[in-house]
Amino acid sequence: MLKHDDHVAVGVSGGKDSLSLLHILVKLENRYPNSKITAISVDEGIKGYREEALLIARKACEQLGVRQVVVTYNDLFGTTIDEMSEMELQQTPCSYCGVLRRKAINKAAAMIGATKIATAHNLDDEVQTLLLNMLHGDSWRAMRSSPMLRDPRGKFLPRIKPLCEIPEKEVVLYAYLNGFDFQSVACPHGHEALRNDVRNFLNQMEQKHPGTKFTLQRTTEKLRELLAGSAEVSQLNECAKCGDPTPHEVCEACLMLDAIPA
Ligand SMILES: [Zn+2]
């Protein structure tokens with residue numbers, strides 16, 4: 001996933017996953033003098049929630065000697081998640097937030113000249129998203145969202161998920177053992193009903209049949225290898241509006257932003 005001279009833009013929210021990832025990457029980076037790390041924090045505009053996390057992220061960056069860049073939805077998109085939650089939109093604020101966060105991190109990473117984008121999705125996140133995409137009937141997306149997303153033409157920044165094989169429990173343990181101060185309050189907008197059901201289902205399965213999450217992850221990796229040559233999985237276009245990578249003509253973020261009343 002990493003090269004000795006990478007400039008890695010790490011998404012750092014202030015939660016246990018991203019603080020653990022930052023910590024691990026900084027340890028690695030110390031061994032490679034030509035590498036560089038910049039933390040990207042996104043302020044979605046969620047009152048009473050994001051301020052605390054941003055402060056935690058800032059302190060962690062100061063302690064580790066990492067430069068932190070903060071980008072806000074308000075500056076980038078002219079609105080906030082709090083505002084969006086008041087609007088009559090087709091999808092939940094969480095759906096908007098996920099797509100816009102990815103776009104915000106893309107923009108920040110391009111701005112600072114990064115060579116890779118790293119996010120802290122763990123094994124649980126990955127298999128939950130996999131099942132969610134399948135339950136939504138979006139099978140191509142399930143096959144596309146690989147932990148190491150590369151564009152063979154080199155137009156778009158590669159995205160990596162170094163913690164994709166680490167169960168959430170182990171990330172929590174790492175954060176506790178290292179004494180990280182991390183945000184433990186859940187987002188006030190976080191009511192993704194289907195994801196909660198999928199999370200519970202997977203945890204029950206894992207408890208009764210240990211290894212379930214790994215098996216799902218491994219099976220998907222095999223399917224991705226098999227499907228790697230097919231256009232539906234590998235084709236990435238430049239969004240006609242913003243130039244970001246998308247399997248469609250216009251990217252999801254642009255479609256969402258168009259749907260927001262001015
Ligand atoms: Zn776009």
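All ligand and atom numbering here is 1-based and tracks the order in the structure.
Annotation: Phe214, atom CZ; neighbour count of heavy atoms from other residues, nucleotides and ligands within 6.0 Å is above 12. Within 6.0 Å of the CD atom in Glu62, the count of heavy atoms belonging to other residues, nucleotides or ligands exceeds 12. Shown here is Glu249, whose CD atom has no more than 12 heavy atoms of other residues, nucleotides or ligands within 6.0 Å.
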Practice task
Could you give me the CA-CA distance, side-chain angles and deciding distance for Thr246 and His248, then say whether side-chain hydrogen bond (donor to acceptor under 3.5 Å, both in side chains) is met?
Solution key: CA-CA 5 Å; Thr246 173; His248 311 288; 5.1 Å; no
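Counting only residues at least two apart or on different chains, the ring-ring contact (aromatic ring centres under 6.0 Å, His included) pairs with a member in residues 56-83 are Tyr73-Phe77.
Protein N, O or S atom count below 2.8 Å of the Zn ion (ligand 1): the structure gives 4.
When the side chains of ILVMFWY residues are joined at heavy-atom separations under 4.5 Å, either directly or via intervening members, Val70 and Met111 end up in two distinct hydrophobic clusters.
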